Amino acid sequence: MTLLACWRPALVVVLAATLAWPAAAAPRPDGKKSVRAAAVAPSYAGHPEARRFAAEAAERRGLPQEWLAGQLAQARRVGAVQKLVMPPPAGTAKNWAAYRARFIEPQRIDAGVAFWQANESALQRAEQRYGVPAEVVVGVIGVETFYGRITGNYRIIDALATLAFDFPAGRSDRSAFFRGELEEFFVWCAHEGVDPQTVRGSFAGAMGLPQFMPGSINRWAVDHDGDGHVDLLASAADAVGSVANYLQVHGWRPGLATHYEVAVPVDATDRALLLGPDILPTFSAAQFAERGAVLDEAGRSHAGPLALVQVHNGDQAPSHVAGTQNFYAVTRYNQSSYYALAVIELGRAVAAARATR
């Protein structure tokens with residue numbers, strides 16, 4: 001669908017729904033909302049911030065203001081999105097063993113082997129071009145969406161509009177970030193001729209097999225299948241190339257290990273000093289040794305900086321690894337050491353299973 005075809009019908013919605021904001025439901029005598037009122041979420045037609053956004057984004061990005069306003073008029077506030085973006089309850093214990101078990105399990109490994117076999121050529125080309133091993137790309141896509149089985153069912157326009165214009169109170173305000181992503185979403189739709197009303201993804205606005213945010217698509221996604229389009233929703237090849245490109249841009253170094261085994265210092269002060277920078281590689285192997293951290297043989301010969309990475313195991317003792325620049329690169333995809341370890345271990349498990357079949 002062309003851009004012009006996308007935005008013309010939406011103009012009617014703008015006019016028809018201008019008076020619908022906010023759509024307050026008339027109360028029932030018993031104090032409960034009617035089923036009909038509860039089922040219809042407020043639209044963003046006539047919302048002052050949405051109107052301002054349309055005007056400013058149109059000027060910045062050269063998009064038709066009427067098209068932007070018309071698309072936003074069809075967007076709706078989603079209460080579930082507001083709840084899901086909130087942080088977990090205070091005191092929730094992190095558990096690496098439980099987190100790991102969600103991803104390194106037989107069904108996901110089998111799906112990973114099938115994905116690798118179906119996309120072997122794309123994975124090989126990505127590794128040659130970007131230097132990122134196939135198993136790491138396979139690990140990312142497996143953790144993100146179970147190889148396309150779980151990509152999210154929220155309309156992206158609803159999710160991003162909700163977080164852009166109605167970001168919930170109770171946590172640091174990130175509405176500016178989501179307004180930027182909403183703008184990037186419209187830019188991508190216009191460039192690719194996609195109807196913004198049809199795209200679905202996560203509650204936070206991530207899309208496709210690798211769950212890229214719209215801004216990441218516009219900056220780092222690639223047309224790896226050579227069809228002239230960047231399609232992370234339907235093209236596994238584009239997803240493979242885009243993940244590899246993203247990791248390369250964010251510091252992946254070919255041939256470098258992601259992490260080494262390490263025994264942490266016994267002294268609490270030394271341990272705290274090494275843990276201070278968290279996942280950022282900061283210390284040399286010699287500095288690890290000076291502080292009482294015992295690296296495995298490969299780690300002791302590592303030439304670059306390392307980070308002492310800690311993951312908790314609920315009530316049990318935490319686990320540790322010495323993360324390299326490549327471990328840190330994986331955390332640029334999702335800023336979590338738990339995530340990075342799951343990606344790496346899933347990729348290895350899939351590679352091992354593939355080698356036996």
Side-chain angles (χ1 to χ4, degrees), residues 96 99-100 103-104 112 115-116 119 122-144 209-212 216 219-222 224 239-264 274-289 293-311 318-352 354-355:
W96 160 239
Y99 185 89
R100 182 187 187 281
F103 300 105
I104 293 80
F115 181 87
W116 196 324
N119 298 283
L123 287 161
Q124 287 177 346
R125 288 187 291 108
E127 185 165 350
Q128 291 168 359
R129 181 172 183 179
Y130 303 108
V132 180
E135 69 180 52
V136 175
V137 175
V138 169
V140 168
I141 295 174
V143 169
E144 289 290 343
L209 277 78
Q211 292 290 278
F212 271 32
S216 293
R219 287 187 288 273
W220 299 300
V222 298
H224 197 54
V240 164
S242 298
V243 170
N245 182 53
Y246 184 98
L247 291 173
Q248 182 201 52
V249 169
H250 287 82
W252 183 273
R253 296 178 183 173
L256 185 69
T258 56
H259 63 280
Y260 305 103
E261 298 301 315
V262 62
V264 297
L274 293 177
L275 287 171
D278 193 24
I279 53 180
L280 181 65
T282 304
F283 304 100
S284 67
Q287 289 173 317
F288 260 54
V294 181
L295 291 160
D296 63 18
E297 183 177 355
R300 289 195 294 273
S301 62
H302 179 76
L306 296 167
L308 182 59
V309 177
Q310 176 174 274
V311 290
S319 301
H320 300 86
V321 298
T324 69
Q325 173 61 34
N326 280 355
F327 188 94
Y328 186 71
V330 178
T331 67
R332 299 309 84 200
Y333 206 104
N334 182 316
Q335 296 183 31
S336 163
S337 51
Y338 298 80
Y339 173 87
L341 280 173
V343 162
I344 294 162
E345 293 201 14
L346 176 60
R348 289 178 177 178
V350 172
R354 176 174 173 268

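Positions are given from 1, in the same order as the sequence printed here. None of the values given here were measured: they were computed from a predicted structure.
When the ring-ring contact (aromatic ring centres under 6.0 Å, His included) test is applied to Trp96, no partner is found at least two apart in sequence or on another chain. Residues satisfying the ring-ring contact (aromatic ring centres under 6.0 Å, His included) criterion with Tyr260, sequence neighbours excluded, are His302. By the side chain to side chain contact (heavy atoms under 4.5 Å, CB included) test, Gln287 pairs with Phe283, Ser284, Glu290, sequence neighbours left out. For Tyr246, the ring-ring contact (aromatic ring centres under 6.0 Å, His included) partners are Phe212, Trp220, His250, Tyr333, not counting sequence neighbours. Ser336 pairs by the side chain to side chain donor-acceptor pair (under 3.5 Å) definition with nothing, not counting sequence neighbours. For Arg300, the side chain to side chain contact (heavy atoms under 4.5 Å, CB included) partners two or more places apart in sequence, or in a different chain, are Leu295, Glu297. Among residues two or more places apart in sequence or in another chain, the side chain to side chain donor-acceptor pair (under 3.5 Å) test is passed with Gln310 by His312, His320. Applying the side chain to side chain contact (heavy atoms under 4.5 Å, CB included) test to Pro133 and every residue at least two apart in sequence or in another chain returns Glu127, Glu135, Val136, Trp252.
For the atom pair CG (Leu280) and CD (Gln325), the distance works out to 8.5 Å, reported to the nearest 0.5 Å. Rounding to the nearest 0.5 Å gives a distance of 6.0 Å between CG of Leu209 and CD1 of Ile141. How far CG of Leu341 is from OH of Tyr99: 9.5 Å, rounded to the nearest 0.5 Å.
Arg219 CZ: more than 12 foreign heavy atoms inside a 6.0 Å radius.
Applying the side-chain hydrogen bond (donor to acceptor under 3.5 Å, both in side chains) definition to pairs two or more places apart or across chains, those involving residues 337-351 are Arg100-Glu345, Glu144-Tyr339.
Side-chain N or O atoms of Asn245 include none that pairs as donor or acceptor with a backbone N or O of Gly241 at under 3.5 Å. Within the 3.5 Å criterion, the main-chain N or O of Ala340 finds no donor-acceptor partner in the side chain of Thr331.
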- Given side chain to side chain contact (heavy atoms under 4.5 Å, CB included), test Phe115 with Val240 step by step and report yes or no. CA-CA 10 Å; Phe115 181 87; Val240 164; 3.9 Å; yes
- Message: side chain to side chain contact (heavy atoms under 4.5 Å, CB included), that's the test. Do Phe288 and Leu308 meet it? Break it down for me.
- Response: CA-CA 9 Å; Phe288 260 54; Leu308 182 59; 4.0 Å; yes
